[in-house]
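Worksheet: one structure, shown below.
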Amino acid sequence: MSEFIGAKLALFIGDDLAVILRDDKPEIPWPGHWDLPGGGREGRETPLDCALRETHEELGLVIDPHAVRWGRAFAKGASYDWFFAGHIAREAAAQITFGDEGQRWTLMAPADYAVHPKRIPHFAERIGMYLDEAPGEPFERPPAQGGGR
């Protein structure tokens, strides 16, 4: 079975998405486009751990895994990546500390992202799938607080 190579998180802060303007370097994928938190897998981390670690590195936010409501794996050649959607309170935006990748971050309405000329099209499609209530897939998350292992 192939392994996953990375994960992204459509992080809704209130009603809007947290998006990151990628660096404008021609050697990277999608230079100068609006991206979502996430990136490549490190070690043996789970898909959700990958997405949450990357979100912490890029936006300085520690996201409760139970805030992630939806996830789905997508084939990428011989491997696959994961795409998640999660929701946190609007007030969390005040706690964002932008990391060292990308030019800046902002909050953007999902409808605006869907038509933005600098969106990443396959991420816009995946956000649309989530918002259209397409079924997700089971994914690993830690037990609820107070639960035993």
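No experiment lies behind these values; they were computed from the predicted model shown.
With sequence neighbours left out, H56 forms a ring-ring contact (aromatic ring centres under 6.0 Å, His included) with no residue at all. Every residue two or more places apart in sequence or in another chain that forms a ring-ring contact (aromatic ring centres under 6.0 Å, His included) with F139 is listed here: F84. Under the side chain to side chain donor-acceptor pair (under 3.5 Å) criterion, Q95 pairs with no residue, sequence neighbours left out.
Here the closest heavy-atom approach between residue Y80 and residue A73 is recorded as CD1-CB, 3.8 Å. Residue C50 comes nearest to G40 through the heavy atom pair SG-O, 3.6 Å, listed as atom of the first residue, atom of the second, then distance. Here the closest heavy-atom approach between residue L59 and residue P37 is recorded as CD1-CG, 3.8 Å. Nearest heavy atom pair, residue H33 against residue R119, reads CD2-O, 3.2 Å. Residue T55 comes nearest to A51 through the heavy atom pair OG1-O, 2.8 Å, listed as atom of the first residue, atom of the second, then distance.
Screening residues 94-114 for salt bridge (charged side-chain N to carboxylate O under 4.0 Å, His left out), with sequence neighbours left out, gives no hits. Contacts classified as salt bridge (charged side-chain N to carboxylate O under 4.0 Å, His left out) and involving residues 123-133 (residues at least two apart or in different chains) are given here: D81-R126.
Hydrophobic clustering (side-chain heavy atoms under 4.5 Å, transitive across Ile, Leu, Val, Met, Phe, Trp, Tyr) keeps F74 apart from F4. Linking Ile, Leu, Val, Met, Phe, Trp and Tyr whenever their side-chain heavy atoms come within less than 4.5 Å leaves L61 and M108 in two separate clusters. Under a hydrophobic-cluster definition in which Ile, Leu, Val, Met, Phe, Trp and Tyr are linked whenever side-chain heavy atoms come within less than 4.5 Å, directly or via other members, F98 and I88 are assigned to the same cluster. The same ILVMFWY cluster, assembled from side-chain heavy atoms under 4.5 Å apart, contains both W70 and L131.
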Inset, instruction - Walk me through it: do E137 and W82 pass the test side chain to side chain contact (heavy atoms under 4.5 Å, CB included)? - result: CA-CA 10 Å; E137 298 175 13; W82 274 83; 3.8 Å; yes

Legend entry - Derivation of the side chain to side chain contact (heavy atoms under 4.5 Å, CB included) call for W105 and E58: CA-CA 9 Å; W105 73 274; E58 295 171 358; over 6 Å; no

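Within the 4.5 Å cutoff, the side chain of F83 has heavy atoms near those of the I127 side chain. In this structure, the side chains of Y130 and R72 stay at 4.5 Å or more apart for every pair of heavy atoms.
The distance from the CH2 atom of W34 to the NZ atom of K118 is 11.5 Å, given to the nearest 0.5 Å. For the atom pair OG1 (T46) and CZ (R41), the distance works out to 8.0 Å, reported to the nearest 0.5 Å.
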Identify every side-chain donor-acceptor pair in residues 7-22 under 3.5 Å, counting partners at least two apart or on other chains, and give the distances.
unit_1: K8; atom_1: NZ; unit_2: D35; atom_2: OD1; d: 2.9
unit_1: K8; atom_1: NZ; unit_2: D35; atom_2: OD2; d: 2.9
unit_1: K8; atom_1: NZ; unit_2: L36; atom_2: O; d: 3.0
unit_1: D16; atom_1: OD2; unit_2: R90; atom_2: NH1; d: 2.8
unit_1: R22; atom_1: NE; unit_2: P29; atom_2: O; d: 2.8
unit_1: R22; atom_1: NE; unit_2: W30; atom_2: O; d: 3.3
unit_1: R22; atom_1: NH1; unit_2: D35; atom_2: OD2; d: 2.9
unit_1: R22; atom_1: NH2; unit_2: P29; atom_2: O; d: 2.9

